[in-house]
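Just below is one structure, and these are the notes that go with it.
Computed from a prediction, not measured in an experiment: that's the story for all the values here. Chain naming here is simple, since letters A, B, ... match the order of the sequence lines and numbering starts at 1 in each. Only heavy atoms go into these numbers, but all of them, side chains included; no hydrogens, no water, no symmetry mates.
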2 protein chains.
Amino acid sequence: MKQPEAECCEELEIHTDTVEKLKELLPPEELLYDLAELFKVFGDSTRIKILYALFESELCVCDIAQTLGMTQTAVSHQLRVLKANKLVKFRKEGKNVFYSLDDDHVRRIIDQGMEHLGE
Amino acid sequence: MKQPEAECCEELEIHTDTVEKLKELLPPEELLYDLAELFKVFGDSTRIKILYALFESELCVCDIAQTLGMTQTAVSHQLRVLKANKLVKFRKEGKNVFYSLDDDHVRRIIDQGMEHLGE
DNA sequence: CTTTCATATGAATATCTGTTCATATGTTAT
DNA sequence: ATAACATATGAACAGATATTCATATGAAAG
C-alpha cells in the first residue's frame, strides 16, 4: 500500500528536519527574486559589452553603438535596462547623453564572474 | 548636403578616436559572451534559491524540491544547468544524489549582488 | 527478476527577452 | 520656424528559456 501524502525521500526522516530548517534560513522570496532580476541584467552580452566599455570612460549612446557595432536603438533599449537597475547613470549635454557606471559594485560583480571563468 | 557614410556623432571627431581605442581595449567577444552566459545562470530565481539552499548544506534533489515547493523535475533541470556551469558538484549515494556548491566564487558573486541591492 | 524509489531526460508549451522598424522627443543651428 | 541630429519609445517578431508531462535510467529491496 502506498502513502499518497508521502512527499519524497520517505525513508530518511532526517531530511524532513533539514527541509524545515532550510525554509526558515532562506532569505525572503522577494529578495531572492530581486537578486535574480539583478543578475539577469548581467546575463546579456550586449549589456556586458556596454558595461565593459563604460569601465574605460563615460560615453554617449552613439559611441557605444559604434563600438559594439550595433544600432543606436538596440543600445538605447539596453541602456534603459541598465539605468532601471541603477548600474549606469547619465548626464545630458546638449543633444548628447553621456552614460557612466553608477557604482563600484558593477565592476566587482563582473570581476568575480571573470574569476570564475578563468578556472 | 548629407554625408551618407557618416556614422554618428559627426561633429565631434574626438569620439571616433575614443571608439577605436575602446574596440582594442574590450576583451574578446567570446569571453564577454561566456561571462554573460555565466550571469544568465544566476539570473533565475529558482536557481538562486537552489544555490542559497546549498549555502547551508549539501542536499539531495528531492530535499531541494521540497524546500522550494517545486517539482523534482523542474529542480533536476535547473541542477543540470548549474552543473554544466560548474556552480555545483554532486556525489552519488545509492539512489540519492547529493549536490553541493562547487567553489567559493558562487558565494562571492551572490554576496556582491546582494550588496548592490541593499542601496 | 520484479517492484519501488530517486533522479534524469526529451518533447511540448507558454512566457519572456532582444532586436528591428517606425516614429516621437528634444536640442542645436540655419 | 524649419531642418538636422542624438536619443528614446512602442509595437511586432524571432529566438531563448522554464516548467510540465510522460517516460527512461539506475539503484536498492523484496
When the nearest nucleotide of DNA chain C is assigned to Val81(A) and to Gly94(A) on a heavy-atom basis, which residue is associated with the more 5' position?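 The residue mapped nearer the 5' terminus is Val81(A).
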
Both Leu79(B) and Val75(A) contact DNA chain C. Which one's nearest nucleotide lies toward the 5' end?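 Nearest nucleotide further toward 5': that of Leu79(B).
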
If I take atom [atom1] in residue [X] and atom [atom2] in nucleotide [N], what distance separates them, rounded to the nearest angstrom?
X        : N       : atom1 : atom2 : answer
Phe98(A) : dA8(D)  : CZ    : C1'   : 17 Å
Gln66(A) : dA6(D)  : CD    : P     : 11 Å
Lys49(B) : dT19(D) : NZ    : C1'   : 13 Å
Lys95(B) : dT3(C)  : NZ    : P     : 16 Å
Lys83(A) : dA8(D)  : NZ    : C1'   : 8 Å
Arg91(A) : dA6(D)  : CZ    : P     : 16 Å
Met70(B) : dT20(D) : CE    : P     : 6 Å
Glu37(B) : dG18(C) : CD    : P     : 12 Å

Which pairs of donor and acceptor atoms, one on a side chain in residues 19-35 of chain B, lie under 3.5 Å apart (sequence neighbours left out)?
{"unit_1": "Glu29(B)", "atom_1": "OE1", "unit_2": "Lys49(A)", "atom_2": "NZ", "d": "3.3"}
{"unit_1": "Glu29(B)", "atom_1": "OE2", "unit_2": "Lys49(A)", "atom_2": "NZ", "d": "2.9"}

Base of dA6(C), side chain of Gln72(B) - is there a donor-acceptor contact under 3.5 Å?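 Counting by modelled atom types and ignoring angles, no donor-acceptor contact under 3.5 Å is found here.
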
Would you indicate whether Arg80(A), at its atom CZ, is surrounded by more than 12 heavy atoms from other residues, nucleotides or ligands within a distance under 6.0 Å?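 Counting other residues, nucleotides and ligands, CZ of Arg80(A) stays at 12 neighbours or fewer.
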
Is the shortest heavy-atom distance from the side chain of Phe39(B) to the side chain of Val41(A) under 4.5 Å?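 Heavy-atom side-chain distance check fails, nothing below 4.5 Å.
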
Any side-chain N or O of [X] under 4.0 Å from OP1/OP2 of [N]?
X        : N       : value
Gln78(A) : dT17(C) : no
Arg80(B) : dT9(C)  : yes
Thr71(A) : dT20(C) : yes
Thr73(B) : dC21(D) : no
Tyr99(A) : dA6(D)  : no
Asn96(A) : dT7(D)  : yes

Quick check against the 3.5 Å criterion: does [X] have a side-chain atom that pairs as donor or acceptor with the backbone of [Y]?
X        : Y        : result
Ser76(A) : Gln72(A) : no
Asn85(B) : Leu87(B) : no
Arg47(B) : Phe42(B) : no

Residues touching DNA chain C, which here means a heavy atom under 4.0 Å, drawn from residues 38-45 of chain A: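 By residue number: Lys40(A), Asp44(A).
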
Tyr99(B) ring centre to Lys89(B) NZ or CZ under 6.0 Å, with the angle to the axis within 45°?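 Checked: cation-pi criterion not met.
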
Geometric cation-pi criterion Arg107(B) and Phe55(B), 6.0 Å radius, 45° cone: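 Yes.
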
Is the base of dT19(D) stacked against the aromatic ring of His77(B), taking ring centres under 5.5 Å apart and planes under 30° as the test?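 No.
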
Just compare dC21(D), dT19(D), dA6(C) and give me whichever is closest to any side-chain atom of Ala74(B).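 For the Ala74(B) side chain, the nearest candidate turns out to be dT19(D).
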
Return the nearest nucleotide to the side chain of Val97(B); candidates are dA8(D), dA8(C), dG26(C).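 Comparing dA8(D), dA8(C), dG26(C) against the side chain of Val97(B), the answer is dA8(C).
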
